[in-house]
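The structure presented is a predicted model; accordingly, all values stated were derived computationally and were not measured. Lettering follows sequence order; numbering is per chain, from 1.
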2 protein chains.
Amino acid sequence: MPNNISDIIEQYLKRILEESGLDMVEIQRSELAEQFHCVPSQINYVISTRFTIDHGYIVESKRGGGGYIRIRRVKLDREHLVLEVLRSLGDQINQATSEALLERLYRENWITRREAQMLQNMLRREVLAVDLPLRDQLRAKLLYGALQVIAAHRD
Amino acid sequence: MPNNISDIIEQYLKRILEESGLDMVEIQRSELAEQFHCVPSQINYVISTRFTIDHGYIVESKRGGGGYIRIRRVKLDREHLVLEVLRSLGDQINQATSEALLERLYRENWITRREAQMLQNMLRREVLAVDLPLRDQLRAKLLYGALQVIAAHRD
DNA sequence: TATAATATGGTCAAGAAAAGTCAAAGTCAG
DNA sequence: CTGACTTTGACTTTTCTTGACCATATTATA
């Protein structure tokens, strides 16, 4: 029951996504906006509210001549421990906690040894050289960003 | 899906580069421009945005009669990976540059596809949510941290 | 040989063609 | 009537295209 433009555009994009069989759509923002008689930024709204990584989509775009917005569907395994972790993470995490977490993910075979080392090295406080309330927030975001990719198994 | 001339020319050059087997292509600027119905300086634009050293290419050229533009693909030296990269990038790295580098590292088999995706996702400006002089510095540090582990893992 | 003409490629800045951001205003269910 | 969601549009940023002018190498000519 789509009763507003956002829902209609959402449905439209999902239908195209289905039909194209390839889990991918590429659109031009202004063109789509014209097609649905709305302002271009409405497209951004639809995308940012309905095609987020948490919904299982990855969006790339390019500006300038020949620009585009590309939406890809990725399969998120809802059973993933990783996702659980991801959600329970909170917006701050200290070094010790992140190390323990990575250790565990490695032990349980969610990430490779090298990935674990890489992440641990990147999340050290010497690397994240900012002061403390911010540092832990940054670490949380980075970890979240890394885990998103782990949780989204594609190709 | 190339939507603009620059992309088309980029693809063309990369294909020639592939096919010629020798990691080298030599063109004449005005000739190529004519072939793609664009102004000559467009070729310079394509080269300066897509065939930089960060992307793994070296470009030489000569003016005057019998002039040419030669593009060579170069590989990173296993011994000096981190140093090479560090020297060429400095202590600040913007998102576009880091993406070029990661793509190259993947292409040259230094990192897996998943590692590349993970790092790209972590280094996005939305994730590194701090203001700009600092953000690029942080990105450089993080990339350096990742590279240390890559370099250490010399199989 | 010195000089002029010709043949290339290089630089840069203006403008166009996208997409992104953000906050104010509108809508609607509870 | 309040809070969450939606719509709009002014302004920003990024990327691409074009063209006028510049620099350099080779070739023809005095």
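With rounding to whole Å, E126(B) atom CD is found 15 Å from dT13(D) atom P. Here dG9(C) presents its P atom at 10 Å from CD of E26(B), a figure rounded to the nearest Å. Atom C1' of nucleotide dT18(D) and atom CD1 of I43(B) are separated by 13 Å, given to the nearest angstrom. R50(B) has its CZ atom 12 Å from the C1' atom of dT17(D), to the nearest Å. For the pair R63(B) CZ and dT27(D) P, the interatomic distance rounds to 17 Å; values are reported in whole Å. Atom CG in D7(A) sits roughly 10 Å away from atom C1' in dC5(D) (whole-Å rounding). Rounded to an integer number of Å, the gap from CD1 of I71(A) to C1' of dG20(C) is 15 Å. In this structure, CD of E60(A) is placed 16 Å from C1' of dG20(C), rounded to the nearest angstrom.
Taking only side-chain atoms of K62(A), from C-beta outward, the nucleotide of dC16(D), dT26(D), dA19(C) with the closest atom is dC16(D). Relative to the side chain of Q28(A), the nucleotides dA18(C), dT6(D), dT8(C) differ in distance, and dA18(C) lies closest. For N44(A), taking side-chain heavy atoms from C-beta onward, the closest of the listed nucleotides dG9(C), dG20(C), dC16(D) is dG20(C). Of the candidate nucleotides dT7(D), dG9(C), dG20(C), dG20(C) has the atom lying nearest to any side-chain atom of S61(A). Listed nucleotides dC16(D), dA23(D), dG20(C) differ in distance to I69(A); the shortest reach to its side chain belongs to dG20(C).
Positionally, the nearest nucleotide of DNA chain D for C38(A) lies more toward the 5' end than for the other of R125(B) and C38(A). Remark on DNA chain C: of its neighbouring residues S30(A) and S30(B), the 5'-side contact belongs to S30(B), judged by nearest-heavy-atom nucleotide.
Distance check: I8(A) CD1 to F36(A) CZ gives 7.5 Å after rounding to the nearest 0.5 Å. Rounding to the nearest 0.5 Å places CZ of R70(B) at 5.0 Å from CE of M24(B). The structure places CD1 of I71(A) at 10.5 Å from CD of E26(A), a figure rounded to the nearest 0.5 Å.
Taking the charged nitrogens against the carboxylate oxygens, R104(B) and E99(B) have no contact shorter than 4.0 Å, which rules out a salt bridge.
Interface remark: the S41(B) side chain does form a donor-acceptor pair with the dG19(D) base, using a distance-only criterion of under 3.5 Å. With hydrogens and angles left out, the side chain of R29(A) and the base of dG20(C) share a donor-acceptor pair within 3.5 Å.
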- Message: Between N94(B) and R125(B), does the side chain to side chain donor-acceptor pair (under 3.5 Å) criterion hold? Intermediate values first, please.
- Response: CA-CA 9 Å; N94(B) 64 34; R125(B) 61 180 75 79; over 6 Å; no
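G67(B) comes within 4.0 angstrom of the backbone, heavy atoms only, and of no base. Within 4.0 Å of R70(B), counting heavy atoms only, lies no atom of the nucleic acid at all. I5(B) comes within contact range of the sugar-phosphate backbone alone, with a heavy-atom separation under 4.0 Å but no base atom that close.
Put simply, Q42(A) has a side-chain N or O that comes within less than 4.0 Å of OP1 or OP2 on dT8(D). Close to dT15(D), at under 4.0 Å from its OP1 or OP2, lies no side-chain N or O of T49(B).
Under the 6.0 Å distance and 45° angle rule, K14(A) does not count as a cation-pi partner of Y57(A).
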